Amino acid sequence: MRTPLRPSHPLSRRGLLSGALSSAALLAGGGVLAGCGTKGAQQTEAGCVSDDLSGTEKVLNFSNWPQYMDVDENDESKRPTLDAFQSSTGIKVTYTEDINDNNEFFGKVQNQLAGCQATGRDIMVLTDWMAARMVRLGWAQKLDPAKIPNVQANLLPSLRNRSFDPENRIAIPWQSGLAGLAYNGKATKEIRTVDELLTRPDLKGKVTALSEMRDTMGLLLQSNGHDPSNFTAAQFDDALAKLKRAVDSGQIRRFTGNDYAPELAKGDIAACVAWSGDVIQLSAEDDKIQFVTPESGVMLYSDNMLVPNKATHKAHAEALMNYYFDPKVAAQLAAYVNYICPVQGAKAEMEKIDPELAGNPLIFPDEAMLSKSKVFMALTEEQERSYESKFQQIIGA
C-alpha cells in the first residue's frame with residue numbers, strides 16, 4: 001500500500017533554518033558566531049580524546065529532527081526501520097526528536113563541546129553549514145571507513161567529497177533536498193531560469209525568494225556562471241548586486257521561509273525560489289504547481305549524521321549509519337519522509353514498495369538533475385559573518 005505524502009510537515013527543516021543566522025546574531029558581540037572563535041573553543045583530535053565503550057555498553061543515543069524517521073501507520077510508537085536495527089543488533093537506541101533549529105541546538109551543546117565534555121549524544125543530525133562549523137571547530141569524531149562499507153559503496157556521487165568533509169569520514173548524509181524554482185501554472189506560464197524569475201515583467205511583484213542565504217545566493221551564483229561550491233568574494237558581490245536590482249525594482253515581493261507554500265498554492269505568488277520537499281506536498285494536491293531545476297543549476301543540501309566529541313558509542317553509531325545505507329532500509333525510510341534519498345540502489349528497492357514514489361524526481365533525482373546540483377561552499381567564520389551580513393542588508397531582515 002502506498003505511504004501517503006503526509007501534510008504533517010508544517011515547517012520543513014529548511015523553513016526552520018530560515019533566518020536562523022539573523023543580522024543581529026551575526027553582529028552582536030555575544031552572539032552565537034561571536035562565541036565560535038573564543039579561546040579554548042577549538043578542539044583537536046589529539047587534544048580531545050574520546051573513549052568508545054561500545055564493547056561493553058549496548059546502547060546508542062540518537063538526536064534528530066521531528067518527523068524524520070518512519071513510523072508505523074497503525075502504531076505511532078513503532079519505528080519500523082529503527083526497531084529492526086535494535087532487534088538485529090541488540091543495541092538499545094534512545095531516539096530523541098530534540099533538534100528544531102540548527103543554532104538553537106548548537107546553543108544546547110556548545111559549552112560542552114567547547115570544553116571537550118560529553119553531550120550525552122552519540123549521533124546528532126545537522127545541516128551542511130552547521131556540520132561544516134562542527135568540523136571547523138574540531139567537535140566531531142572521525143569515522144572508521146571499514147565500519148561503514150555501505151556508506152562507502154552507496155553514497156550518491158553528488159554527496160561525496162564535499163568541501164567540509166572531503167574524505168566522507170565525519171558527516172554522513174541522513175536525507176537531502178533541493179533548492180530551485182517553483183511556479184503555479186494557474187498563475188503564470190512555465191519558468192526555466194533564475195533570470196526569468198528576477199526580470200520577467202509579467203512576474204513583477206509576484207515573486208518570493210528564500211531568506212536562507214545559501215540557497216538564494218547559491219542559485220544566483222550559478223545563474224552568473226559561478227560555482228557556489230567554490231567562489232570568490234567578488235563573485236558573491238556580483239550575485240548580490242543582481243539580487244539587489246530585483247529587490248529595488250519591485251520584482252521580488254518578499255523573502256520567506258517555507259511560508260511561501262500557501263501563497264504559491266493559492267496563486268497569490270506566481271513563482272518563487274523553493275525547496276523540493278515543500279513542492280512535493282503542494283504538487284500532490286495540485287499538479288499545476290511544479291518544481292523546476294534552473295538551467296544554470298540547483299542547490300543540494302543535506303542533513304548529516306555526526307558523532308560528537310566524547311560520545312562513547314562510536315562503533316554503534318557507525319553500525320547504525322551503515323544500516324541506513326542499505327538500499328532496502330533506505331527505501332523504507334524514504335517512503336515515509338519523502339526527502340531525497342542519499343543512497344544509491346534505494347530507487348530499485350522503492351519500486352517494490354511504491355512505484356509512484358520511485359518515479360518522483362524530487363525523491364530520486366536523475367543523473368541529469370544531480371549533475372547540475374551544487375553544495376554551498378564551506379565558509380570560514382569571517383566569511384560567514386561577512387556574507388550573511390551583506391545578504392541580510394539586501395533582504396531587509
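Just so it is clear, the model here is predicted, and its values are computed rather than measured.
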Legend entry - Lys/Arg-Asp/Glu bridge criterion (N-O < 4.0 Å) met for D259, R254: yes
Legend entry - Ionic contact status for R160 with E167, cut-off 4.0 Å: no
Using the side chain to side chain contact (heavy atoms under 4.5 Å, CB included) criterion, which residues pair with [X]? Sequence neighbours excluded.
X	value
R192	E190, E196, V292, E295
K206	A270
P294	L181, V194, L219, S296, V298
T94	N61, T96

Could I get the full list of ring-ring contact (aromatic ring centres under 6.0 Å, His included) partners for [X], not counting sequence neighbours?
X	result
F255	none
F376	F231
F291	none

Legend entry - salt bridge (charged side-chain N to carboxylate O under 4.0 Å, His left out) contacts touching residues 232-245 (sequence neighbours left out): D195-K242, D237-K390, K244-D248
Residue list, side-chain hydrogen bond (donor to acceptor under 3.5 Å, both in side chains) with [X], at least two apart or on another chain:
X	value
S54	D52
S77	D75
E45	none

Give the table of side-chain donor-acceptor pairs shorter than 3.5 Å for residues 318-331, with sequence neighbours excluded, one pair per line with atom names and distance.
unit_1	atom_1	unit_2	atom_2	d
E318	OE2	D144	N	2.9
E318	OE2	K314	NZ	3.0
N322	OD1	N150	N	2.7
Y323	OH	T81	O	2.6
Y324	OH	T81	OG1	2.8
Y324	OH	L82	N	3.3
D326	OD1	K328	N	2.9

Legend entry - Least distance between heavy atoms, N168 atom then Q152 atom: O-NE2, 4.1 Å
Inset, instruction - Check P66 against N100 and note the closest heavy-atom contact, atom names and distance. - result: CG-OD1, 3.3 Å
Inset, instruction - Verify the distance criterion only: is there a donor paired with an acceptor across the side chains of N309 and S50 at less than 3.5 Å? - result: no
Inset, instruction - May I ask you to check whether Y95 and N64 show a side-chain donor-acceptor distance below 3.5 Å? - result: yes
Legend entry - Within the 6.0 Å centroid threshold, strictly below: F105 and W65: no
Legend entry - Donor-acceptor under 3.5 Å (Q86 side chain, V93 main chain): yes
Legend entry - Heavy atoms of other groups near K108 NZ, more than 12 under 6.0 Å: yes
Inset, instruction - Assess R133 against F106: is NZ or CZ under 6.0 Å from the centre of the six-membered ring, and within 45 degrees of the ring's axis? - result: yes
Legend entry - Check against side chain to side chain donor-acceptor pair (under 3.5 Å), S302 and N304: CA-CA 6 Å; S302 298; N304 306 274; 4.7 Å; no
